[in-house]
Peer 1: 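What follows is a structure written as structure tokens; I'll ask about it next.
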Amino acid sequence: MYIMAKKAKLCGPLFAFLFLFSLGYIAHADDPVTIFILGDSTVDVGTNNWLPESYCRADFSPNGVDLPYSVPTGRFSNGLNSADQIASLFGYQRSPPPFLYMINHPATFKRDILRGVNFASAGAGIFYETGQKQFIKVVPLSDQIQQFATVKGNLTELIGPVATANVLAKSLFIVSIGSNDLFEHVPPNSSTLVDHNDDVYITNLQFTYHGHLESLYKLGARKFGIMSIPPIGCCPKLRASSKKPGACREDLNKLAQSFFISLEDLLRKMSSKLVGMKYSLGNTYEMTMSIIEDPLAFGFKDVQSACCGSGKFNGELPCFFLLGPNLCANRHEFLFWDSYHPTEYASKLAALTLYGGGTRLVTPMNFSRLVATHVNITS
Ligand SMILES: *[C@@H]1O[C@H](CO)[C@@H](O)[C@H](O)[C@H]1NC(C)=O
Ligand SMILES: *[C@@H]1O[C@H](CO)[C@@H](O)[C@H](O)[C@H]1NC(C)=O
Ligand SMILES: *[C@@H]1O[C@H](CO)[C@@H](O)[C@H](O)[C@H]1NC(C)=O
């Protein structure tokens, strides 16, 4: 802890945040799988806290209100997010720490590296430019992959190239990204009637995604747990701006659905070409829609407005204490925490489905099966 204390000045709530991480690592009896996480705010556990110039961050209250001591950690949630929930199903207390945290703590780096690393950065997209203008600074997916290459180098130094290849082939690579690329294509305040050239955009996006996944494969990744794009047109921010008051923005939802269809096709093709590549594709679109269509079945009372925020659907303004947001008391009854992100409870339901669900929602196999699958290391 003494090393951590020295750095605490960089970012207000950091000290307590580090304390949470140290609680988070209680070793599991039978060596849990190493988990690497890449993506955006859906799985960011504090990367952007280390980017002082970034406007896309959640290291302020009421974020984290349901974590021990109500400490904001950078997660866009009242508590844990999907990255944490999946990691916990594999035997951890929560997600591995952010890469930018780890490199600033070399003393614990070597101990932690075998459990995994989280590279995800809120606001980031598949395209390099996504989020850069609006948020000034994010870590785009290609840079996250570069950071993973560094980690691979560190692992190789630690245990040698053969053992590293073995560890990476068995590791779970969770990737959750794409929403921000769609938001750049259809800004929240744009008219729904514009012709957005959607097919071309999705094709280019998938072409770029393909390149990223192939880079990860070349670096040694074999098991990909991919989360698709949820019905982002139904999040409170978008409902608030919809032409038909309160309705989901169908243009964005259609894009999310096309994205899933082309991603499914891409992954099928990739895995038939790349020796040893295995994947699970989580249909987060359908998972979320099932909840929106039948909230009570899942224990939700409100699937339209944000728990924390203000304005229409409580989702027009961010969940930020300086803006005097409303904060709901019954967090587990809300699908949305803020204008864009799910509550801790909603992320938990998603993680349970990804981990152990049937092929309708996670295909061709669930994450637990993916991790149990044997992969031959041939090259
Ligand atoms: C990890 O590798 C990078 C690049 O080679 C190096 O700069 C860094 O010091 C290494 N970190 C540790 C903890 O070994
Ligand atoms: C939408 O918002 C952006 C930036 O927030 C602004 O530049 C643009 O003028 C807005 N467009 C409309 C149609 O209101
Ligand atoms: C995962 O999928 C398999 C095969 O579809 C199924 O038998 C199993 O019950 C699912 N859940 C878990 C936790 O393995």
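The chain is numbered in sequence order, starting from 1. Ligands are counted one by one from 1 in listed order, and the atoms in each one are counted from 1 as well.
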Peer 1: Any nitrogen or oxygen of S368, side chain or backbone, less than 3.5 Å from one on ligand 3?
Peer 2: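 For ligand 3, there is an N or O atom that lies under 3.5 Å from one belonging to S368.
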Peer 1: Please determine whether a side-chain nitrogen of the Lys or Arg among K237 and D338 lies less than 4.0 Å from a carboxylate oxygen of the Asp or Glu.
Peer 2: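 Result for this pair is no, no salt bridge flagged.
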Peer 1: Stepwise, does the side chain to side chain contact (heavy atoms under 4.5 Å, CB included) test hold for Y55 with Q134?
Peer 2: CA-CA 8 Å; Y55 277 71; Q134 191 183 354; over 6 Å; no
Peer 1: Any donor-acceptor pair under 3.5 Å linking the side-chain atoms of S176 with those of T42?
Peer 2: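 Short answer, yes.
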Peer 1: Just jot down the ligand 3 atoms closer than 4.0 angstrom to any heavy atom of R369, in number order.
Peer 2: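 It comes down to these atoms of ligand 3: 4 (C), 5 (O).
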Peer 1: Within the structure, is a non-hydrogen atom of M365 found at a distance of less than 4.0 Å from ligand 3?
Peer 2: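 Distance cut 4.0 Å: M365 fails for ligand 3.
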Peer 1: Taking only residues two or more places apart in sequence, or in another chain, which ones meet D302 in a salt bridge (Lys or Arg N to Asp or Glu O under 4.0 Å)?
Peer 2: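 Scan of D302 (salt bridge (Lys or Arg N to Asp or Glu O under 4.0 Å), adjacent residues dropped) gives none.
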Peer 1: May I have every N or O pair linking ligand 1 to the protein at under 3.5 Å, one per line with atom names and distance?
Peer 2:
residue  : atom   : partner : partner atom : Å
ligand 1 : 2 (O)  : N154    : OD1          : 3.3
ligand 1 : 2 (O)  : N154    : ND2          : 2.3
ligand 1 : 11 (N) : N154    : ND2          : 3.1
ligand 1 : 14 (O) : N154    : ND2          : 3.4

Peer 1: Which pairs count as side chain to side chain donor-acceptor pair (under 3.5 Å) when at least one residue sits in residues 116-133, sequence neighbours excluded?
Peer 2: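 Output for this query lists N48-S121, S95-N118, Y128-D143, T130-D181.
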Peer 1: Under the ring-ring contact (aromatic ring centres under 6.0 Å, His included) rule, what do F260 and Y285 come out as? Steps first, then yes or no, please.
Peer 2: CA-CA 8 Å; F260 178 83; Y285 188 94; 8.5 Å; no
Peer 1: Salt-bridged, D112 to R115, with N to O below 4.0 Å?
Peer 2: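 Yes, charged N to carboxylate O under 4.0 Å.
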Peer 1: Return a yes/no value for N366: is any of its N or O atoms, backbone included, closer than 3.5 angstrom to an N or O of ligand 3?
Peer 2: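 Yes - when backbone and side-chain N and O of N366 are compared with those of ligand 3, one distance drops under 3.5 Å.
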Peer 1: Does any pair with a residue in residues 353-366 pass side chain to side chain donor-acceptor pair (under 3.5 Å), and if so which ones, sequence neighbours excluded?
Peer 2: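 Those involving residues 353-366 are N366-S368.
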